[in-house]
Number of protein chains: 2
Amino acid sequence: MVDSTKDIHEPVVLDEIDRRLLEVLKSDGRISNAALAEAAGIAPSTAHVRLRSLQDRGVVTGFLTSIDQRSLGLGLQAIVGVTLRPGARQESIVRFSEEVRNLPQVLQVFFLGGTDDFIVHIAVADSSAIREFVVEHLSAQPSVASTRTSVVFDYHRNGVAASFQ
Amino acid sequence: MVDSTKDIHEPVVLDEIDRRLLEVLKSDGRISNAALAEAAGIAPSTAHVRLRSLQDRGVVTGFLTSIDQRSLGLGLQAIVGVTLRPGARQESIVRFSEEVRNLPQVLQVFFLGGTDDFIVHIAVADSSAIREFVVEHLSAQPSVASTRTSVVFDYHRNGVAASFQ
DNA sequence: TTTGAAATTATCCCTCC
DNA sequence: GGAGGGATAATTTCAAA
């Protein structure tokens with residue numbers, strides 16, 4: 001008996017074949033089923049069922065396309081660390097963070113326990129757009145105590161983690 | 001005449017159709033060519049040519065699979081900020097950073113201009129694995145002056161930026 | 001460049017091992 | 001749970017506008 005509405009995280013058991021499939025898919029999400037099957041040493045029909053199972057079990061949460069941001073006119077990336085005011089209301093923080101993560105400049109948001117309360121990874125056109133982003137969307141917020149902006153000189157990605165639920 | 005060996009970044013011109021294709025592909029890298037064509041309002045054969053062109057021009061740099069790290073037994077994510085010693089030799093920094101970004105725990109590395117010289121996004125099994133990672137792979141390095149570790153409580157991703165060449 | 005249509009492949013479901 | 005086979009549907013190429 002499997003519950004189809006799983007809001008909580010139930011343990012997932014992956015065997016060697018699953019891990020091989022994931023290893024291939026990690027860096028080639030658009031590989032054909034036939035090629036995926038061959039890479040994992042199984043029949044195409046089996047690979048097909050396996051991949052569906054990985055999606056159903058929530059192991060594979062989606063397929064993404066890596067896009068060169070410069071081509072979109074967004075040649076500059078930055079990391080902005082944000083510290084919130086100690087007295088900020090919980091509900092206003094939640095609303096604020098949801099606004100931030102839906103802004104078009106935002107690639108990723110990390111909510112942290114530590115010095116910064118969260119950090120935002122953005123891609124923008126130029127340095128004035130960074131300042132504009134920070135002033136308009138972060139500093140202007142009453143919940144925000146301070147921000148620290150760092151320009152991204154180089155960036156490397158090994159894999160893509162799923163957004164938390 | 002197009003140079004196939006483009007090491008430098010040449011300007012890319014995207015029209016409205018290209019942008020529509022990218023918007024769809026961004027969050028669904030495995031969409032079928034037929035569905036992609038319909039979403040962009042063009043013929044499947046055109047969508048096919050267009051997508052190939054986007055790849056050839058370096059706009060689309062790859063297709064990735066978003067994987068729930070918890071399923072892999074990596075239930076904890078952290079951000080580690082690293083400051084390098086002012087006197088560290090350039091070549092040792094380069095070698096070190098290349099080692100770090102190839103570690104299996106590492107999801108992303110950002111090289112920054114600012115307080116931290118770079119930050120590392122990792123996924124590990126538990127808190128002792130965080131400590132192990134920092135001690136073994138970061139603090140032990142002679143180039144490293146200090147590190148600051150923050151646990152990731154929540155994570156959200158809007159899109160995937162290409163790794164810098 | 002875009003398209004429609006043809007040739008080739010792949011997907012997907014069903015059945016059997 | 002994995003593999004085979006076959007109907008369906010997709011991708012890819014190409015000629016033409």
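Quick note on labels: first sequence line is chain A, next is B, and so on, each numbered from 1.
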Send over the distance from A/I31 CD1 to D/dT11 C1', rounded to a whole Å. 16 Å
What about B/F96 and B/F118, are their ring centers closer than 6.0 Å? yes
Does OP1 or OP2 of C/dA10 have a side-chain N or O of A/R30 closer than 4.0 Å? no
B/I42 CD1 - D/dT11 C1' separation (whole Å): 15 Å
Of the nucleotides D/dT11, C/dC13, D/dT13, which has the atom closest to the B/A34 side chain? D/dT11
To the nearest angstrom, the CG-P distance between A/L14 and D/dG1 comes to 14 Å
Whichever of A/G41 and B/V49 has its nearest DNA chain D nucleotide further upstream toward 5': A/G41
Please answer: with hydrophobic residues joined when any side-chain heavy atoms are less than 4.5 Å apart, are A/L84 and A/L138 in the same cluster? yes
I'd like to know if the side chain of B/D116 reaches the main chain of B/L112, judged simply by a donor and an acceptor atom lying under 3.5 Å from each other, with no hydrogens or angles considered. no
Please state whether the phosphate of D/dT12, meaning OP1 or OP2, lies under 4.0 angstrom from any side-chain nitrogen or oxygen of B/R52. no
In whole angstroms, the gap separating P of D/dG2 from CG of A/L21 amounts to 10 Å
Can you see if the side chain of B/N33 gets near the phosphate of D/dA10 - specifically, an N or O under 4.0 Å from OP1 or OP2? no
Measure from the side-chain heavy atoms of A/H48 and tell me the nearest of D/dT13, C/dT11, C/dT3. C/dT11
From C-beta outward on B/I17, which listed nucleotide comes closest to its side chain: C/dC13, D/dG2, C/dT2? C/dT2
Within the structure shown, what part of the strands sits under 4.0 Å from B/S32 by heavy-atom distance: base, sugar-phosphate, or nothing? sugar-phosphate
Between B/R50 and C/dT2, is there a side-chain N or O to OP1/OP2 distance below 4.0 Å? yes
Over 60° means perpendicular and under 30° means parallel, so tell me whether B/F110 and A/H121 are parallel, tilted or perpendicular. perpendicular
Closest of C/dT3, D/dA3, D/dT11 to the B/T46 side chain is C/dT3
Between A/L51 (CG) and C/dT11 (P), how many Å, whole number? 10 Å
Just wondering, do B/V60 and B/L22 contact through their side chains at under 4.5 Å, heavy atoms? yes
Starting at atom CG of B/L36, determine the distance to atom C1' of D/dA9, rounded to an integer number of angstrom. 17 Å
